[in-house]
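The next block holds one structure in the form of structure tokens; read it before the comments.
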Amino acid sequence: MRLLLIGPPGCGKGTQAVRLAEHYGVEHISSGDLLRRHVAERTSIGRAAERCMSRGDLVPDGVVMDILRRPVEAAAKRGGYILDGFPRTVQQAESAYLVAKALGASVRIALFLQVSRPELIRRLLDRGARDGRTDDTAEVVNHRLDVFGQLTEPLLDYYSGRETLITVDGDRPVDEVTRSAISQLGAALQHRAGRIEQIG
Ligand code: AP5
């Protein structure tokens with residue numbers, strides 16, 4: 001299983017990635033968590049990324065590729081991964097494709113979690129008040145959502161033309177979203193297996 005979880009801030013990528021990784025027995029790799037670890041440890045990458053993250057802007061593609069390459073390669077050798085929050089630009093998607101191809105493991109399924117903007121804002125401001133994540137303030141949340149629309153949403157066209165793109169309604173209780181994701185993923189994997197059999 002090599003799955004890319006795509007969706008706006010607050011759509012539930014992290015929440016669902018943990019559950020899907022457990023269900024499929026693969027690793028969960030989150031670009032945001034890896035970056036936050038670098039920031040907490042004050043590494044050079046963390047110092048470079050911190051300003052972009054606190055403004056709600058994307059960290060440069062090259063930095064993100066540098067921190068992800070090794071964990072993705074290791075997870076691919078161990079049977080697969082769920083990538084949460086990556087790719088976020090068409091350029092990242094193209095780099096990811098080349099890395100996966102070199103590993104003989106081109107990524108095949110992208111899952112988009114769709115949630116309305118008012119619900120996203122509600123979830124993120126709730127979390128900001130509860131957990132104090134510094135980019136969960138009204139101003140930064142709105143900017144993160146705009147950045148998603150400008151830079152990440154074009155990925156939906158990119159993946160619908162190239163790989164299997166699944167859209168899941170994420171505006172429902174967590175368990176329902178998980179059930180729906182697993183059922184749609186199962187159907188997509190079966191469809192693909194059928195096509196491969198026909199070609200073979
Ligand atoms: P990142 O950590 O990826 O944050 P994000 O995309 O903004 O996503 P969030 O973690 O806020 O939300 P989520 O979709 O994971 O939802 P979650 O499950 O947490 O990135 C942070 C920053 O790092 C970026 O702004 C950027 O600067 C940088 N970065 C990261 N990746 C990058 C990349 N590839 N390129 C460049 N820069 C990058 O849920 C949110 C809340 O909602 C939680 O409180 C949760 O409990 C709740 N919730 C979840 N599901 C439901 C539900 N179904 N119903 C009700 N509540 C729910």
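Counting from 1, the numbers follow the sequence of the chain as shown. Counting starts at 1 for both ligands and their atoms, in listed order.
- When only non-hydrogen protein atoms are considered, atom 56 (N) of ligand 1 lies nearest to Arg123 NE, 3.5 Å.
- Polar contact with ligand 1: absent for Leu124 (N/O pair, distance under 3.5 Å).
- In this comparison of Leu58, Thr15, Leu5, Val63, the heavy atom closest to atom 39 (O) of ligand 1 sits on Thr15.
- For the ligand labelled ligand 1, residue Pro8 lies inside the 4.0 Å heavy-atom shell.
- Between Arg172 and Asp169, at least one side-chain N (NZ, or NE/NH1/NH2) sits under 4.0 Å from a carboxylate O, which counts as a salt bridge.
- Taking atom 20 (O) of ligand 1 as the reference point, the nearest protein heavy-atom neighbour is Arg88 NH2, 3.5 Å.
- Here atom 14 (O) of ligand 1 lies nearest to Lys13 when heavy atoms of Lys13, Gln91, Glu176, His143 are compared.
- Of the polar atoms of Asp33, none of the N or O atoms is found under 3.5 Å from an N or O of ligand 1, judged by distance alone.
- Between Val59 and ligand 1, at least one N/O pair is under 3.5 Å apart.
- Using 4.0 Å as the threshold, Cys11 has a heavy atom nearer than that to some atom of ligand 1.
- The shortest heavy-atom distance from Arg55 to ligand 1 is not under 4.0 Å.
- A heavy-atom separation below 4.0 Å is found between Arg172 and ligand 1.
- Ion pairing between Asp126 and Arg122 holds under the 4.0 Å rule for side-chain N and carboxylate O.
- In this structure, a donor-acceptor pair under 3.5 Å is present between the side chains of Asp61 and Thr89.
- The shortest N/O to N/O separation between Asp136 and ligand 1 does not fall below 3.5 Å.
- When each of Thr178, Ile82, Val177 is paired with Arg19, the side chain to side chain contact (heavy atoms under 4.5 Å, CB included) condition holds for Thr178 and for no other.
- Salt bridge status for Arg123 with Asp136: absent, with no side-chain N to carboxylate O gap under 4.0 Å.
- Considering Leu145, Asp57, Val140 only, the shortest heavy-atom separation from atom 26 (C) of ligand 1 involves Asp57.
- Between Arg42 and Glu50 a salt bridge is recorded (basic side-chain N to carboxylate O distance below 4.0 Å).
- The pair Arg144-Asp146 does not meet the salt-bridge criterion, since no charged nitrogen lies less than 4.0 angstrom from a carboxylate oxygen.
- In summary, the side chains of Gln91 and Ser95 do not present any donor paired with an acceptor at a separation below 3.5 Å, with no hydrogens or angles considered.
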